[in-house]
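Here's the structure, in structure tokens; my notes come after.
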Amino acid sequence: MGWKVHMRKLVAGAAGIVAAIVIGVQPVTPAHAAGDTRFGVNRVNLAWLSPAEREKLLDLMVKNGVVAVRLSLTKPIDQSIDAVRVAHAKGLAILLEISLNNPAFYPEGTQPRSGLGRIWDMYRLSDISPDQFRSVVGDALRKIDALKIPLVAVEAGNEINWGAYNGDLEVKAKAKSRTARSLADLDNLPAVEQGAARYVQLAAVVRRELQSTQYSRNAKVISAGLSDIPVADADRRGIDSIDPASFTNLMRKHGLDKVVDGYGIHIYPGSNGTAAARAAHVSQALSICRSEPDGKPCWITEWGFSNTATTCPANDGSREQLVEAARSRFAELMGTGRVAAAYYFDWDAKGYGVWRCGGLSPAGRAAVVTP
């Protein structure tokens, strides 16, 4: 669009945000973003790219019809904030996920639990300091606010119900080992529960810090997107994983519902098997979702299907059908209030990525572009 049109929309967007704050209405998305911002795409760890790479990648998203993006606040923090700045400048609605694997959140000398060479080392959630978390995250949110950026939502943490992202959960001595089937199977349940209680404190910190901003004070607070790893896969990896419903209930026991607006969940139904099996997988993963006022809706902050084909043009027809079926189901649940948003994983990751052969693949268009 021409610069004059763009400026008019920016001014209108700013006016809408101010009005929303005055009358208490949620500014769901930047006013200059077009399309259905309930459907977005992931591109985490942009802080690890150069400024030019960040600019190019986000520009490709916008030119291909993406209107909403899930970004991460990870080290280095200032580069993460710059990615948020660029995304906002291009009109993207932003959900910000906060990585908990940041040494600045933990008391000096705290050591992460070893991944035994099979997964990255990860800090124990029970070790995190809410005060240090508040200092770092609060400073980042103030910097984002100084840029006049309204976040759509903030998601503290990621997949904290399995050992890759929660050091309180065990990595077995060997892969292909039996892992915990339930909370009762855990050898260190008190520590896991302490971590869950500490996590609720972190979500409360996020809410308070957002309320102190001008532009994101009405952003939604979303609990960490939980993993739906099947038991067989957890055993293959030899890493404990607790099912999303049980882990959500553990956090609810410690007051989660008082501090979040929605439950984060990740869904990977798999490309193999029957349509009925995939539908059952989705239904099970979304069993925690409720419509207001009976509960909290789900924010599907990751979902997707793998396609390992590397030929060009992209051979993506089969995955396109899977994506269309899943998105249709999500849209149905959005209509009932049980699901609030869905962010496809990932823009350009190997296997799951939808940016293929220099363009957005058919599955990508089906996932993130509004018809």
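Note that this is a predicted model, so its numbers are computed, not measured. One-based numbering along the sequence shown.
- The side-chain contact (heavy atoms from CB on, under 4.5 Å) search around T274 returns A276, A277, not counting sequence neighbours.
- From I144, atom CD1 reaches atom CG of L210 across 9.0 Å, with rounding to the nearest 0.5 Å.
- Residues passing the side chain to side chain donor-acceptor pair (under 3.5 Å) test with R134 are D131, sequence neighbours excluded.
- Legend: residues meeting ring pair (Phe, Tyr, Trp, His ring centres under 6.0 Å) with Y344, ordered by chain and number and at least two apart, are W303.
- A 4.5 Å side-chain heavy-atom check between I267 and L286 finds at least one atom pair inside the cut-off.
- Panel note: side chain R236, backbone K176; no donor-acceptor pair is recorded below 3.5 Å.
- In terms of the ring pair (Phe, Tyr, Trp, His ring centres under 6.0 Å) criterion, F305 has no residue partners (sequence neighbours excluded).
- Considering CZ of R178 and CG of D235, their distance stands at 7.0 Å, rounded to 0.5 Å.
- No donor-acceptor distance shorter than 3.5 angstrom exists from the side chain of D59 to the backbone of E55, with no hydrogens or angles considered.
- At least one donor-acceptor pair closer than 3.5 Å links the side chain of R181 to the backbone N or O of T179.
- Partners of D187 under the salt bridge (charged side-chain N to carboxylate O under 4.0 Å, His left out) rule, at least two apart in sequence or in another chain, do not exist in this structure.
- Evaluation of the salt bridge (charged side-chain N to carboxylate O under 4.0 Å, His left out) test over residues 260-272, restricted to residues two or more places apart or in two chains, returns R207-D261.
- Residues satisfying the side-chain contact (heavy atoms from CB on, under 4.5 Å) criterion with S212, sequence neighbours excluded, are E209.
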Please table the atom pairs, donor to acceptor, closer than 3.5 Å between any side-chain atom in residues 114-128 and protein atoms at least two apart or in another chain.
{"unit_1": "S114", "atom_1": "OG", "unit_2": "L116", "atom_2": "N", "d": "2.9"}
{"unit_1": "R118", "atom_1": "NE", "unit_2": "R237", "atom_2": "O", "d": "3.2"}
{"unit_1": "R118", "atom_1": "NH1", "unit_2": "K172", "atom_2": "O", "d": "3.1"}
{"unit_1": "R118", "atom_1": "NH2", "unit_2": "K172", "atom_2": "O", "d": "2.9"}
{"unit_1": "R118", "atom_1": "NH2", "unit_2": "R237", "atom_2": "O", "d": "3.2"}
{"unit_1": "R118", "atom_1": "NH2", "unit_2": "G238", "atom_2": "O", "d": "3.2"}
{"unit_1": "W120", "atom_1": "NE1", "unit_2": "A164", "atom_2": "O", "d": "2.6"}
{"unit_1": "D121", "atom_1": "OD1", "unit_2": "G115", "atom_2": "N", "d": "2.8"}
{"unit_1": "R124", "atom_1": "NH1", "unit_2": "Q111", "atom_2": "O", "d": "3.2"}
{"unit_1": "S126", "atom_1": "OG", "unit_2": "D168", "atom_2": "OD1", "d": "2.8"}
{"unit_1": "S126", "atom_1": "OG", "unit_2": "D168", "atom_2": "OD2", "d": "3.3"}

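- To the nearest 0.5 Å, atoms CG (L147) and CZ (R85) are separated by 7.5 Å.
- Looking only at distances, no side-chain donor or acceptor of S216 sits under 3.5 Å from a matching main-chain atom of A219.
- Sorted by first and then second residue, the pairs that involve residues 341-355 and meet salt bridge (charged side-chain N to carboxylate O under 4.0 Å, His left out), not counting sequence neighbours, are R43-D348.
- For CD of Q284, the number of neighbouring non-hydrogen atoms (other residues, nucleotides, ligands) closer than 6.0 Å is 12 at most.
- Between N101 and Y106, the side chains place no donor N or O within less than 3.5 Å of an acceptor N or O (distance only, hydrogens not considered).
- Judged by distance alone, with hydrogens and angles left aside, the side-chain atoms of R338 form no donor-acceptor pair with the main-chain N or O of G335 at under 3.5 Å.
- One distance of note links SG of C312 with CZ of R356; it measures 9.0 Å at 0.5 Å rounding.
- Taking CD1 from I160 and OH from Y165, the interatomic distance works out to 12.5 Å, rounded to the nearest 0.5 Å.
- To the nearest 0.5 angstrom, H266 atom NE2 is 11.0 Å from I229 atom CD1.
- Side-chain atoms of Q132 come within 3.5 Å of backbone N or O of A104 as a donor-acceptor pair.
- Looking only at side-chain heavy atoms (C-beta outward), K253 and E193 come within less than 4.5 Å of each other.
- Applying the side-chain contact (heavy atoms from CB on, under 4.5 Å) test to R329 and every residue at least two apart in sequence or in another chain returns V282, E332, L333.
- Between I222 and Y263, the closest side-chain pair of non-hydrogen atoms is not below 4.5 Å.
- Taking Ile, Leu, Val, Met, Phe, Trp and Tyr as hydrophobic and joining them when side-chain heavy atoms fall under 4.5 Å apart, one finds Y352 in a cluster with Y268, F345.
- With contacts defined as side-chain heavy-atom distances shorter than 4.5 Å, the pair N161/N166 does not qualify.
- In terms of the side-chain contact (heavy atoms from CB on, under 4.5 Å) criterion, residue partners of S246 (sequence neighbours excluded) are, by chain and number, L183, I242, D243.
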